[in-house]
J.: 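Starting off with a structure, shown below.
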Amino acid sequence: FTYSAKQAIQSRDSSDSAVGYGRPSANGANDQRQTNGISHYGGTLTDKGTMTVDIAGRQADGGLVVSISEQGEGVRKAPPATCVVYGNTNVICDPYRTVYTEEYTLLRFLGANFVDPNQMDPNKHWRIGPSTSQGQTTQADYSITSSSGGKMQIGETRKVVTTGSGKLETDIEAKVGYDYDRTVPTSVDEYATQRTDAGVSGTSTTTYQTTLALVSDTIATKP
């Protein structure tokens with residue numbers, strides 16, 4: 001995997017305009033300037049490395065039980081965490097373990113019947129949601145853009161909106177290489193924009209870019 005995040009924050013320290021004080025002028029008086037109480041911050045984070053997923057079994061409701069871990073060259077390191085993944089891209093992970101956003105990018109495509117011909121329209125398009133849980137509404141659209149010998153290219157447009165004390169909105173565009181015969185993604189190229197609006201307290205925008213490429217599949221090579 002490769003991962004990058006770039007964040008821009010606009011923070012308002014006061015809802016009212018304030019007077020800013022600069023250095024004293026030549027005559028000893030303070031150089032006063034009116035400000036709006038807003039400050040701007042930003043930062044970036046990048047990493048690359050490998051993820052490992054082990055299949056532990058299947059639940060009665062069709063959920064696939066997996067263990068996922070991540071080893072980045074930098075700070076993105078996470079020990080194994082147990083998760084259950086479903087064909088409708090729902091993912092449930094151990095809340096006491098660290099699971100990074102790029103791991104969720106992979107996990108949501110691992111469920112059985114993620115590509116289900118019975119759910120498609122004549123244009124090879126299907127929709128998941130909208131569904132709402134704990135104040136979070138998710139809707140995703142998928143389209144098969146090409147297919148040959150079970151190897152597919154799938155486009156994803158996904159929107160996640162979380163409401164509470166503020167509003168968190170995430171828009172995701174992804175291109176997924178998918179092996180229908182093995183029911184496993186072989187590549188993912190995802191670009192996500194996340195916007196937070198906390199009213200007078202400020203706003204933030206974070207862009208994420210994640211790429212995944214399948215290196216090995218030990219299940220496929222077993223006799």
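Computed from a predicted model, the values in this text were never measured in an experiment.
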J.: Using a distance-only test with no angle check, is there a side-chain donor-acceptor pair under 3.5 angstrom linking Ser146 and Gln153?
T.: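 No pair is found: no donor N or O on one side chain lies under 3.5 Å from an acceptor on the other.
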J.: Keeping to residues at least two apart or across chains, list the salt bridge (charged side-chain N to carboxylate O under 4.0 Å, His left out) pairs with something in residues 109-137.
T.: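 Of all non-adjacent pairs touching residues 109-137, those that pass salt bridge (charged side-chain N to carboxylate O under 4.0 Å, His left out) are Arg127-Asp141.
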J.: I would like to know whether Gln139 and Ile128 meet side chain to side chain contact (heavy atoms under 4.5 Å, CB included); could you show each step before the answer?
T.: CA-CA 6 Å; Gln139 179 174 301; Ile128 295 176; over 6 Å; no
J.: Rounded to the nearest 0.5 Å, how far does OG1 of Thr52 lie from CD of Gln71?
T.: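 So the CD of Gln71 and the OG1 of Thr52 are separated by 9.0 Å.
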J.: Calculate, to the nearest 0.5 Å, the distance between atoms CD and CD belonging to Gln7 and Gln194 respectively.
T.: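 Spacing of CD (Gln7) from CD (Gln194) equals 8.5 Å.
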J.: Is there side-chain contact between Phe114 and Asn88, with heavy atoms separated by less than 4.5 Å?
T.: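 Contact flag for Phe114/Asn88 side chains = no.
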J.: Could you tell me which non-hydrogen atom of Thr137 sits nearest to which non-hydrogen atom of Pro130, and how far apart they are?
T.: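 Looking at all heavy atoms of both residues, the shortest contact is CG2-CB, 4.2 Å.
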J.: Is any side-chain heavy atom of Tyr208 closer than 4.5 Å to a side-chain heavy atom of Tyr3?
T.: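 Side chain of Tyr208 against side chain of Tyr3, heavy atoms only: contact under 4.5 Å found.
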J.: Regarding Glu173 and Thr157, is there a side-chain donor-to-acceptor distance under 3.5 Å anywhere?
T.: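 Side-chain D/A pair, Glu173 to Thr157: present.
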J.: Report the C-alpha separation of Val65 and Gln59 in whole Å, then their side-chain angles, then the decisive distance to 0.1 Å, and conclude whether the side chain to side chain contact (heavy atoms under 4.5 Å, CB included) test is met.
T.: CA-CA 7 Å; Val65 183; Gln59 296 186 153; 3.7 Å; yes
J.: Between Glu156 and Arg108, does at least one N-O distance fall below 4.0 Å, as a salt bridge requires?
T.: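 Here Glu156 pairs with Arg108 in a salt bridge, since their nearest N and O are under 4.0 Å apart.
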J.: Work out which heavy atom in Val99 is nearest to a heavy atom in Ala81; give both atom names and the distance.
T.: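 Taking every non-hydrogen atom into account, CG2-CB, 3.7 Å.
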J.: Is any NZ, NE, NH1 or NH2 atom of the basic residue among Lys77 and Glu70 found under 4.0 Å from an Asp or Glu carboxylate oxygen of the other?
T.: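 No salt bridge links Lys77 with Glu70.
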J.: Can you confirm whether Phe109 sits close enough to Val188 that some side-chain heavy atom of one is under 4.5 Å from a side-chain heavy atom of the other?
T.: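 Side-chain contact under 4.5 Å: yes.
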J.: How long is the span from the CG atom in Leu212 to the OG1 atom in Thr2, to the nearest 0.5 Å?
T.: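 One gets 7.5 Å once the value is rounded to the nearest 0.5 Å.
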J.: If I take atom CH2 from residue Trp126 and atom OG from residue Ser143, how far apart are they, to the nearest 0.5 angstrom?
T.: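 Taking CH2 in Trp126 and OG in Ser143, the distance rounds to 7.5 Å.
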J.: Heavy atoms only: give me the nearest Val75-Tyr100 pair and the separation to one decimal.
T.: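 Closest approach of Val75 to Tyr100: O-OH, 3.7 Å.
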J.: Looking at Asp171 and Lys159, does any basic side-chain N land under 4.0 Å from a carboxylate oxygen?
T.: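 A salt bridge is present here (some side-chain N lies under 4.0 Å from a carboxylate O).
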J.: Where is the tightest heavy-atom contact between Asp47 and Gly74, given as atom of each residue plus distance?
T.: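 Of all heavy-atom pairs spanning Asp47 and Gly74, the closest is OD1-N, 2.8 Å.
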J.: For side chain to side chain contact (heavy atoms under 4.5 Å, CB included), just list the numbers for Leu107 and Cys93, CA-CA rounded to whole Å, side-chain angles, deciding distance to a tenth of an Å, and then say yes or no.
T.: CA-CA 10 Å; Leu107 287 166; Cys93 290; 3.9 Å; yes
J.: Is the closest side-chain heavy-atom distance between Arg182 and Leu214 below 4.5 Å?
T.: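 In short, these two side chains touch, coming nearer than 4.5 Å.
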J.: Could you tell me whether the side chain of Ile144 reaches within less than 4.5 Å of the side chain of Val115, counting heavy atoms only?
T.: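 The answer is yes, as the side chains (C-beta and beyond) meet within the 4.5 Å cut-off.
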J.: Should Tyr180 and Pro117 count as side-chain neighbours, where that means a heavy-atom distance under 4.5 Å?
T.: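 Of all side-chain heavy-atom pairs linking Pro117 with Tyr180, at least one is under 4.5 Å.
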J.: What are the two closest non-hydrogen atoms of Val91 and Cys83, and how far apart are they?
T.: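 For Val91 versus Cys83, the nearest heavy atoms are CG1-CB, 4.5 Å.
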J.: Considering only heavy atoms from C-beta outward, does the side chain of Thr105 approach that of Thr101 to under 4.5 Å?
T.: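 Side chain of Thr105 against side chain of Thr101, heavy atoms only: no contact under 4.5 Å found.
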J.: Any chain of hydrophobic side-chain contacts (each under 4.5 Å) joining Val66 to Tyr104?
T.: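 Yes; tracing contacts between hydrophobic side chains, which count when under 4.5 Å, links both residues.
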J.: Check whether any side-chain heavy atom of Ser187 lies under 4.5 Å from a side-chain heavy atom of Thr211, and answer yes or no.
T.: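 Not touching, per the 4.5 Å side-chain cut-off.
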J.: Are a donor atom and an acceptor atom from the side chains of Thr82 and Ser67 found within less than 3.5 Å of each other?
T.: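 Ser67 and Thr82 do not have a side-chain donor-acceptor pair below 3.5 Å.
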J.: With clusters defined by side-chain heavy atoms of hydrophobic residues (ILVMFWY) lying less than 4.5 Å apart, directly or transitively, does Ile92 cluster with Val85?
T.: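 They do not share one cluster, since no chain of ILVMFWY contacts under 4.5 Å joins Val85 to Ile92.
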J.: Do Val84 and Met51 belong together in a cluster built from hydrophobic side chains that touch within less than 4.5 Å?
T.: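 In one cluster: no.
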J.: I need the Leu168 CG to Thr206 OG1 distance, nearest 0.5 Å.
T.: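 Here the rounded value is 9.0 Å.
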J.: We want to know whether Tyr86 and Asn113 form a side-chain donor-acceptor pair, criterion being a heavy-atom distance below 3.5 angstrom.
T.: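 Tyr86 vs Asn113: no donor-acceptor pair found between side chains.
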J.: For Thr50 and Phe1, work out which heavy atoms get closest and say how close.
T.: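 Where Thr50 meets Phe1 most closely, the heavy atoms are N-CE2, 3.4 Å.
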J.: Apart from Val161 itself, what residues make up its hydrophobic cluster when side-chain heavy atoms of I, L, V, M, F, W and Y under 4.5 Å apart count as a link, directly or indirectly?
T.: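 Cluster partners of Val161: none, it stands alone.
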J.: Any donor-acceptor pair under 3.5 Å linking the side-chain atoms of Glu102 with those of Thr210?
T.: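 Thr210 vs Glu102: no donor-acceptor pair found between side chains.
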J.: Report the distance from atom CG of Leu64 to atom OG1 of Thr183, rounding to the nearest 0.5 Å.
T.: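 If we round to the nearest 0.5 Å, Leu64:CG and Thr183:OG1 are 8.0 Å apart.
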J.: Does the pair Arg158 and Tyr142 meet the rule for a side chain to side chain contact (heavy atoms under 4.5 Å, CB included), with working shown?
T.: CA-CA 9 Å; Arg158 184 180 183 92; Tyr142 299 91; 3.4 Å; yes
J.: For Gln136 and Thr162, does a side-chain donor sit closer than 3.5 Å to a side-chain acceptor?
T.: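 Result is yes, a qualifying pair exists.
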